Amino acid sequence: MKTHSIGSSVRVWDLATGLPVGEPMTGHTGWMLAVAAMVLPGRALAVTASFDETVRVWDLTTALPVGEPLTGHTGPVEAVAAVVLPDGRALAVTASDDETVRVWDLATGLPVGEPMTDHTDRVRAVAAMVLPDGCALAVSASFDRTVRVWDLATGLPVGEPMTGHTREVSAVATVVLPDGRALAITGSIDETVRVWDLATGLPVGEPLTGHTGPVEAVAAVVLPTAAPWPSPAASTGRCGCGTWPPVYRLANP
């Protein structure tokens, strides 16, 4: 497991022992805002995003940086996602207060294509996924109250923005269901969670309500059939709240 704090270091933890692995990884000159991790053949990497407007890649075995910082954003980098394409290429997708989403080739440290620029306010969250047909998508959530889907092969938007939240959208996660459907789950300052069908761009069911504060984090998982909830589920987090409510069942929304 890797973690970051309101600071400029990253730590790695052994989940079996609860102990730190190695020394903290340092290099950012501003607050760390987001972290993602991925496993490649023979190598485990972390990708970090910072208030210092840079993205850094770290080798989790050596705790050393991989290459130079990835630069290009002109505002704090709020979010990062990592994805491995069917051809084996490893990409990072980043979102920034500069209202853009950028894609990076982690083998070269170079940007992939042009920045994605359709948002009109800071981009607060991003997720990435590979669909069963091999198509790679990114989903971004913005303070412009929209959620957008991007084709990572072309850098172009997929469909129209997904709208419905009445305040800034602050969190996004993605999941592929056993039947092949791809969903996005979003959280907002409007205190709701929404589920979206990425094939149609339409909401799935009604907004999930119950939080009494901004929803700042969401996650989604497909549970095994032997679990108490034999269906896809999502968990959400409230700003400033140290507890998590029960999972939401999404199989038959």
Side-chain angles (χ1 to χ4, degrees), residues 36-41 79-93 95 101 103 116 118 124-142 145-165 169-188 190 192-211 215-237 244-253:
M38 67 189 337
V39 177
L40 303 178
V80 61
V83 65
V84 179
L85 303 187
D87 64 8
R89 282 189 301 153
L91 302 181
V93 186
V101 176
V103 183
M116 304 175 206
D118 288 7
R124 181 63 181 82
V126 68
M129 68 191 315
V130 176
L131 302 181
D133 64 3
C135 179
L137 300 178
V139 184
S140 56
S142 171
R145 305 185 183 186
T146 71
V147 180
R148 289 182 176 267
V149 184
W150 310 89
D151 185 327
L152 291 181
T154 65
L156 297 176
V158 178
E160 297 298 314
M162 296 184 285
T163 60
H165 282 296
V169 190
S170 50
V172 64
T174 55
V175 66
V176 177
L177 304 188
D179 63 10
R181 281 190 302 157
L183 302 182
I185 299 90
T186 55
S188 171
D190 68 12
T192 71
V193 175
R194 288 179 177 260
V195 183
W196 310 87
D197 186 319
L198 294 183
T200 65
L202 298 176
V204 178
E206 296 298 314
L208 309 181
T209 60
H211 285 298
V215 183
E216 298 276 24
V218 297
V221 64
V222 175
L223 299 176
T225 55
W229 310 278
S231 62
S235 290
T236 63
W244 297 85
V247 295
Y248 293 103
R249 291 186 61 182
L250 302 178
N252 298 295

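This one's a predicted model, so the numbers in the text were calculated from it and none came from an experiment. We use all heavy atoms of the structure for the numbers below, so side chains are in, but hydrogens, waters and symmetry mates are not.
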* **Least distance between heavy atoms, P86 atom then G134 atom** => CG-O, 3.6 Å
* What is the minimum heavy-atom distance between A125 and A79, and which atoms define it? -> CA-CB, 3.7 Å
* Could you tell me whether the side chain of T186 reaches within less than 4.5 Å of the side chain of V218, counting heavy atoms only? => no
* Asked: Between V84 and M38, which heavy-atom pair has the shortest distance, and what is it?
  -> CG2-CE, 3.5 Å
* To do: Taking the side chain as every heavy atom from C-beta outward, state whether R194 and V169 have any atom pair closer than 4.5 Å.
  => no
* Between T174 and A220, what is the shortest heavy-atom contact and its length? -> O-CB, 4.3 Å
* **Pairwise side-chain contact, V83 with L152, heavy-atom cut-off 4.5 Å (strictly under)** => yes
* Partner residues of D133 under the side-chain hydrogen bond (donor to acceptor under 3.5 Å, both in side chains) criterion, sequence neighbours left out -> none
* Structure fact -> residues 148-158 vs side-chain hydrogen bond (donor to acceptor under 3.5 Å, both in side chains), sequence neighbours excluded, gives S140-W150
* To do: Check L137 against V149 and note the closest heavy-atom contact, atom names and distance.
  => CD1-CG1, 4.1 Å
* Return the minimal non-hydrogen interatomic distance between A173 and A219, and the atom names on each side. => CB-CA, 4.0 Å
* To do: Would you check if D190 and R145 make a side-chain contact, meaning some heavy-atom pair closer than 4.5 Å?
  => no
